[in-house]
Enquirer: 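Here it is, the structure in full.
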Amino acid sequence: MSKKTKHIAIYGKGGIGKSTTTSNISAALAESGYKVIQIGCDPKSDSTNTLRGGNYLPTVLDSLRESNNVKLKDISEEGFGGVLCIEAGGPVPGVGCAGRGINAAVSVLQELDLFEKYKADYVLYDVLGDVVCGGFAVPIRDGITDRAYVVTSSDFMAIYAANNLFKAINKYAPTGGAKLGGIIGNGLSANYSKSIVDDFAKKTGTKVAGYVPRSLIVSQSELYGKTVIEANPKSEHANIYRNLAKFIAEDEDLSVPNPLSVNELRDWAREWGDKIYKFDSRIVEGPASI
Ligand code: ADP
Ligand code: MG
């Protein structure tokens with residue numbers, strides 16, 4: 001097992017399944033014997049909940065507000081498979097910049113010498129990302145992470161957010177920023193979903209790391225406060241996450257994506273609007289008349 005820690009960011013639009021996917025990847029890596037740290041970089045602060053029975057953890061930002069002598073034990077807890085869980089946290093709602101939490105958390109963890117001392121194989125950063133604000137670009141900007149993955153469905157807004165991440169990677173990669181490991185298709189349910197994600201990957205010169213279908217197994221596991229790996233280890237879905245984790249652990253072929261311009265993205269979406277009827281007989285060819 002390599003002793004060089006790999007720092008990996010997982011981005012995606014809010015609610016797209018970043019935390020679910022990241023926690024299942026962490027659980028699958030831990031199950032294979034790797035030492036893993038998962039850092040939630042989303043003001044929602046629930047990234048690691050399903051690794052720890054569904055409970056909330058004191059966040060780094062909350063702890064910093066209470067004390068200027070924050071200890072690792074105050075802001076971390078071991079979850080399933082020994083995954084070390086940390087939540088950066090966010091500002092008081094309506095006040096301050098949400099990206100600040102990421103900066104503050106990473107600084108505190110570096111001051112505590114966590115990465116040197118803990119000697120993890122993987123540190124996964126679960127980052128809220130439409131990347132319109134510099135704060136959320138922190139994990140990919142300054143060499144904190146080696147690589148980023150983006151979780152997207154086939155919905156336009158999720159793809160729009162993925163394309164924004166590609167713009168940020170494209171901007172920062174030449175000066176030491178992270179490169180892209182791939183796209184993770186999540187919550188795919190329609191029969192055209194996979195084709196849309198594949199086509200977006202092709203158009204942007206990127207690749208797909210894995211496809212995670214929409215499944216009740218995920219919902220049920222979440223209701224139990226667990227990952228699928230823990231709650232339903234023998235399910236096909238658990239194997240989908242294991243394969244994704246294996247891909248992330250083994251694949252070293254990173255790329256700098258070619259993001260689409262706003263107009264290119266719009267035109268590409270319209271083309272899909274034109275051909276989507278081929279996938280589902282309930283959809284008519286061309287815009288439906290009202
Ligand atoms: P994010 O971290 O991107 O905000 P979450 O991981 O919290 O999103 O997921 C949002 C909701 O979607 C959760 O209730 C989660 O259980 C559900 N979900 C995510 N992925 C799937 C999937 N593949 N199948 C079914 N439900 C999913
Ligand atoms: Mg989340």
Side-chain angles (χ1 to χ4, degrees), residues 8-28 37-57 59-61 79-80 83 85-90 93 98-99 101-102 105 124-133 135-136 139 148-162 164-165 183-191 193-194 196-197 208-232 235-245 247:
I8 299 173
I10 306 212
Y11 277 80
K13 153 189 179 300
I16 203 62
K18 292 179 298 296
S19 301
T20 307
T21 311
T22 309
S23 299
N24 275 289
I25 293 170
S26 288
I37 303 174
Q38 181 168 323
I39 306 177
C41 300
D42 185 329
K44 229 200 297 174
S45 310
D46 62 353
S47 169
T48 62
N49 287 18
T50 54
L51 289 163
R52 298 173 298 95
N55 302 318
Y56 283 86
L57 188 66
T59 71
V60 177
L61 268 197
F80 175 80
V83 176
C85 301
I86 296 168
E87 300 284 347
I102 306 176
L124 300 184
Y125 299 75
D126 168 7
V127 198
L128 175 63
D130 293 31
V131 199
V132 284
C133 148
F136 293 115
Y149 290 83
V150 65
V151 179
T152 185
S153 66
S154 60
D155 289 344
F156 183 69
M157 285 321 294
I159 288 190
Y160 177 87
N164 274 351
L165 173 70
I183 297 173
I184 299 168
N186 182 52
L188 307 181
S189 51
N191 56 0
S193 300
K194 186 172 172 290
I196 291 186
V197 172
V208 180
Y211 306 92
V212 185
R214 182 150 207 92
S215 168
L216 270 178
I217 291 267
V218 178
S219 316
Q220 190 209 30
S221 306
E222 184 187 42
L223 291 171
Y224 284 131
K226 291 179 175 163
T227 58
V228 174
I229 299 287
E230 185 180 9
N232 289 286
S235 63
E236 196 198 326
H237 230 74
N239 281 336
I240 290 172
Y241 287 124
R242 288 185 186 109
N243 287 337
L244 185 57
F247 183 94

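In listed order, ligands and their atoms are each counted from 1. Computation of the quantities below employed the complete heavy-atom set of this structure, encompassing side-chain atoms and omitting hydrogens, waters and symmetry-equivalent molecules.
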Enquirer: Got the residues with a heavy atom under 4.0 Å of ligand 1, by chain and number?
Expert: K13, G14, G15, I16, G17, K18, S19, T20, K44, N186, G187, V212, P213, R214, S215, V218, E222

Enquirer: Strictly by modelled atom types, are S47 and Q38 linked by a side-chain donor-acceptor pair under 3.5 Å?
Expert: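 Side chains of S47 and Q38: pair found under 3.5 Å.
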
Enquirer: S19 and side-chain contact (heavy atoms from CB on, under 4.5 Å): which single residue from I10, T48, D46, V151 fits?
Expert: D46

Enquirer: Give the C-alpha distance, both sets of side-chain angles, the deciding distance and a yes or no for side chain to side chain contact (heavy atoms under 4.5 Å, CB included) between D42 and V127.
Expert: CA-CA 6 Å; D42 185 329; V127 198; over 6 Å; no

Enquirer: Can you name the closest pair of heavy atoms from A162 and T152 and give their distance?
Expert: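 Heavy atoms only, the tightest pair is CB-CB, 4.5 Å.
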
Enquirer: Can you list the protein N, O or S atoms less than 2.8 Å from the Mg ion (ligand 2)?
Expert: S19 OG

Enquirer: Examine distances only and state if a side-chain atom of S235 and a backbone atom of N232 form a donor-acceptor pair shorter than 3.5 Å.
Expert: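 Present.
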
Enquirer: Please say whether more than 12 non-hydrogen atoms of neighbouring residues, nucleotides or ligands are located less than 6.0 Å from CD in Q220.
Expert: yes

Enquirer: For L128 versus P43, what's the shortest heavy-atom pair and its separation?
Expert: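 Looking at all heavy atoms of both residues, the closest pair is CD2-CD, 4.1 Å.
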
Enquirer: Establish, from distance only, whether the side-chain atoms of R52 and N55 form a donor-acceptor pair under 3.5 Å.
Expert: no

Enquirer: Closest heavy-atom contact between K13 and A161?
Expert: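 That closest heavy-atom pairing would be CB-CB, 3.8 Å.
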
